[in-house]
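Everything numeric in this text was worked out from a predicted model, so none of it was measured.
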Amino acid sequence: MAESSYATMANDPVAIIGSEYCTPNEVDVVISRKVKTLRYGDFVVSDMNGNFMFKVKGTTFGWHDKRVILDAADNPLITLKQKILTEHSRWNAFKGESTDEKDFLFTIKTTSIFQWKTKLAVFLANNNSKEKNCDYLIKGNWSDRSCVIYAGDSSTIVAQPLQVFLKILYQVAKTAQDV
């Protein structure tokens with residue numbers, strides 16, 4: 001992806017999941033872990049008024065760690081599946097509850113094996129750079145519960161910490177990194 005396309009991405013948002021989940025306004029969210037559950041990785045996402053927005057459902061047991069993000073009507077939006085035996089912590093994202101290659105959306109991976117602050121590279125399905133040039137870079141500070149999403153490896157900010165969907169992905173990826 002060329003440097004000149006980053007500004008275009010920032011001005012013309014890309015709907016990876018669906019345009020209905022994009023907003024021109026900042027949205028404050030509350031992410032809370034479900035305590036009364038056997039499954040690891042269950043979260044609820046609400047707006048500041050307590051209105052339910054998304055649910056993150058984790059797996060109970062299994063060889064691959066997996067999370068499904070559901071909308072308010074319990075429709076599966078995206079499945080995040082952790083790849084095992086990789087050098088970097090890596091998650092692949094698929095449409096709905098699928099894990100088929102035809103439904104592949106993007107990969108999220110840590111930029112280095114050891115990190116003091118979280119830095120995640122996002123590669124969209126149509127990225128042909130063999131993971132040399134990321135489409136988005138998420139830099140975060142877990143203790144501050146904040147992150148900034150950049151267009152590729154540039155200084156162009158495309159999302160601030162409280163934009164709903166990418167913050168959910170950040171939380172899921174960070175939780176997996178803590179395991």
Could you report the tightest heavy-atom contact between [X] and [Y], atom names first, then the distance?
X      : Y      : answer
Tyr150 : Lys139 : CE1-CD, 3.7 Å
Phe123 : Lys109 : CE1-CE, 3.9 Å
Trp91  : Gln82  : CE3-N, 3.5 Å
Thr111 : Leu120 : CG2-C, 4.3 Å

Roughly how far apart are [X] [atom1] and [Y] [atom2], rounded to 0.5 Å?
X      : Y      : atom1 : atom2 : value
Ser154 : Asn133 : OG    : CG    : 11.5 Å
Leu105 : Ser98  : CG    : OG    : 9.0 Å
Asp153 : Leu137 : CG    : CG    : 5.5 Å

Min side-chain heavy-atom separation [X]-[Y] under 4.5 Å:
X      : Y      : answer
Phe94  : Asp100 : no
Arg90  : Ile108 : no
Cys134 : Val122 : no
Tyr136 : Val158 : yes
Phe104 : Lys95  : no
Ile157 : Ile149 : no

Donor-acceptor contact below 3.5 Å, side chain [X] vs main chain [Y]:
X      : Y      : result
Thr110 : Ser89  : yes
Asp71  : Asp74  : yes
Asn92  : Thr107 : no

Do Leu77 and Val68 share a hydrophobic cluster (ILVMFWY, side-chain heavy atoms under 4.5 Å, transitive)?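 In one cluster with Leu77: Val68, no.
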
- Message: Same cluster or not: Ile69 versus Met53, using hydrophobic residues (I, L, V, M, F, W, Y) connected whenever any side-chain heavy atoms lie under 4.5 Å apart?
- Response: yes

query: Going by atom types alone, do Asn51 and Ser46 pair a side-chain donor with an acceptor below 3.5 Å?
result: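 Judged by distance alone, the side chains do not pair up.
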
(Q) Please evaluate residues Thr79 and Arg67 with respect to the criterion side-chain contact (heavy atoms from CB on, under 4.5 Å), reporting the C-alpha separation (whole Å), side-chain torsions for both, the decisive distance (0.1 Å), and the verdict. (A) CA-CA 6 Å; Thr79 296; Arg67 309 272 196 285; over 6 Å; no

_I'd like to know if Lys66 pairs up with Glu97 as an ion pair, taking the criterion as any Lys NZ or Arg NE/NH1/NH2 lying under 4.0 Å from an Asp or Glu carboxylate oxygen._
no

Ile78 vs Phe106, test: side-chain contact (heavy atoms from CB on, under 4.5 Å). Steps then yes/no. CA-CA 10 Å; Ile78 187 170; Phe106 58 88; 3.6 Å; yes

